[in-house]
2 protein chains.
Amino acid sequence: MPYTYEYARAALAVDCVVFGLDDEDLKVMLIERGQPPFKGRWALPGGFVRLDETLFEAARRELEEETGLKRVFLEQLYTFGDVKRDPRERVVSVAYYALCNLRDHKVQGATDASAAAWFGLHDLPSLAFDHDEILRTAVERIRGKVRYVPIGFELLPRKFTLTQLQKMYEKILDRQLDKRNFRKKVLGMGILEETDEVQQDVAHRAARLYRFDELAYKRLVKQGFNFEL
Amino acid sequence: MPYTYEYARAALAVDCVVFGLDDEDLKVMLIERGQPPFKGRWALPGGFVRLDETLFEAARRELEEETGLKRVFLEQLYTFGDVKRDPRERVVSVAYYALCNLRDHKVQGATDASAAAWFGLHDLPSLAFDHDEILRTAVERIRGKVRYVPIGFELLPRKFTLTQLQKMYEKILDRQLDKRNFRKKVLGMGILEETDEVQQDVAHRAARLYRFDELAYKRLVKQGFNFEL
DNA sequence: TTGCCACTGTGTCGTGAATACACTAACATT
DNA sequence: AATGTTAGTGTATTCACGACACAGTGGCAA
């Protein structure tokens, strides 16, 4: 069933940079390509946009199809449109980035014969297409964004300790933070809700668990509040 | 000369939000549409992407064709891909925003029969397509960005007074700033070069002219410097 | 020439935020 | 009971931000 147009048209794709956090490192999910071009190379999950879905919907769909991830934070990153970025033909790709925590969303073997795996940011293979550049752009974006918008909470389980929160910031920003100053600051913002639970199954004093209080955050933003780590 | 594809394809367009600054207000350049749909309505300059040009090149080309603007600051904003954003068919638009100063770049009557004009941000007509939304997004973007990246200088002539600089920030941020604190801060950053010239043809004491020192800025950024107004 | 107008250009002080820094408390394990 | 491991806490110093007012300059008009 061919489609005909008066002018040549580019193909339109979406690609997703999925960040996940575990105890060691900030990770990215990659897919091993089962088809040429770049067969056998690692690439970002993604695919072509259908005409009856928005870009956001396409990104969400591809993410679920290729990695099994649902209901994760997903936001548009940048659109990559170099003429030769795909060797087959002109493909313009709208990149998205996603954040999720590795505990809740375990490595889903991908559905369509290709392998999916998490890679630490310091241990990446070279990627297919211009996906290295897309990934670099995504890392820059979250580094910038995490400092003044609380997107980082998407990477943690719903209840977390202050140490986990601090370690997350340290991994994203790639530098050490002072414990006391960090706690003072983050508690002072009034967007963390203290639960009456503590960590389980640790071989030392258990830390208190906190929850991100989205309502308090939104209230504060409305009053002209500035989250800034 | 028709082009045929196995799957249906969206058309791909670019749209540009061009900001300009004059003595009164922050302005945006709009084009009156000469063709349906939305004939007679105001819209952002833009058009379809050719297959042999990057997105950036397409934006620059359309900008020049429709408004006569060349060599202005131009940067990708966001990609708009709602299914029904164009009533004719599926069109995905990569939006760019541009900054220029109204002195150097006078209102070029548009080349192709449609009229081009500057509109103050507080005095906008309702726009064609989803261009209201694109424009809103662009305003948010420069408000956020101008505070920690010196893009604002693109809106001024190469040599400017500190008062002009301050007024620019006041118009973009839509609030008053204190003169002494502003000067202290902006001079303290060390990215302004004092010239030995002063304003001409003013009916009062002439102010000293400054120049943005891009090299100093880049040097400072490399050392981990934080421009932040 | 004098006065007036419009804008330029400058310093201080108080307050709040950011940083640097080290020890005791709690709990689990042996 | 002793040990190991992390949790949890306060202070002092420095730095940045914001609030605030007036004298100086130069053109212009009377």
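The model shown is predicted, which means the values in this text are computed figures rather than measured ones. The sequence lines fix the lettering, A, B, ..., with proteins before strands; numbering per chain opens at 1.
With D:dC28, D:dA7, D:dC20 as the choices, the nucleotide that has an atom nearest any side-chain atom of A:Ala207 turns out to be D:dA7. Listed candidates were D:dC20, D:dT9, D:dT6. Nearest to the side chain of B:Asp178 is D:dC20.
In this structure, CD of B:Gln166 is placed 14 Å from C1' of D:dG18, rounded to the nearest angstrom. Regarding B:Arg183, its CZ atom lies at a distance of 17 Å from the P atom of D:dG18, rounded to whole Å. Atom-to-atom, NZ of A:Lys184 to P of D:dA12 comes out at 12 Å; the value is rounded to the nearest Å. Rounded to a whole Å, the CD atom of B:Gln199 is 17 Å from the P atom of D:dT25. As rounded to whole Å, 9 Å separates atom C1' of D:dC22 from atom CZ of B:Arg180. Protein atom CZ of B:Phe225 is 12 Å distant from nucleotide atom P of D:dA16, rounded to whole Å. Rounded to an integer number of Å, the gap from NE2 of B:His204 to C1' of D:dA29 is 17 Å. A straight line from CZ of A:Arg205 to P of D:dT6 spans 14 Å, rounded to a whole angstrom.
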Checklist entry - Would B:Phe80 and B:Tyr78 satisfy ring-ring contact (aromatic ring centres under 6.0 Å, His included), going step by step from the backbone distance to the final call? => result CA-CA 7 Å; B:Phe80 294 83; B:Tyr78 194 79; 5.2 Å; yes

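The closest donor-acceptor contact from the side chain of A:Lys179 to the backbone of A:Thr163 lies at 3.5 Å or more, if one exists at all. Using a distance-only test at 3.5 Å, with no hydrogens or angles considered, no donor-acceptor pair links the side chain of A:Arg147 to the main chain of A:Glu228. Between the side chain of B:Tyr148 and the main chain of B:Asn226, no donor-acceptor pair closer than 3.5 Å is present.
Nearest-nucleotide assignment on DNA chain C puts the 5′-proximal partner with B:Asn181, out of B:Asn181 and A:Lys179. When the nearest nucleotides of DNA chain C are assigned to A:Glu228 and B:Ala203 by heavy-atom distance, the more 5′-ward of the two goes with B:Ala203.
Using a cutoff of 4.0 Å between basic side-chain nitrogens and carboxylate oxygens, A:Arg85 and A:Glu133 are not scored as salt-bridged. The residues B:Glu64 and B:Arg60 are annotated as not salt-bridged, no charged nitrogen and carboxylate oxygen being separated by less than 4.0 angstrom.
Within 4.0 Å (heavy atoms only), A:Lys185 reaches sugar-phosphate atoms of the nucleic acid but no base atom.
Chain B approaches DNA chain C over the interval C:dA6 to C:dT12, counting the first and last nucleotide 5' to 3' with an atom under 4.0 Å from its heavy atoms.
Proximity of A:Thr163 to the phosphate of D:dA7: a side-chain N or O atom is located under 4.0 Å from OP1 or OP2. A sub-4.0 Å separation between OP1 or OP2 of D:dA7 and a side-chain N or O of A:Arg208 is absent.
Shown are B:Trp118, B:Trp42, B:Phe19; of these, the side chain to side chain contact (heavy atoms under 4.5 Å, CB included) with B:Val28 is made only by B:Phe19.
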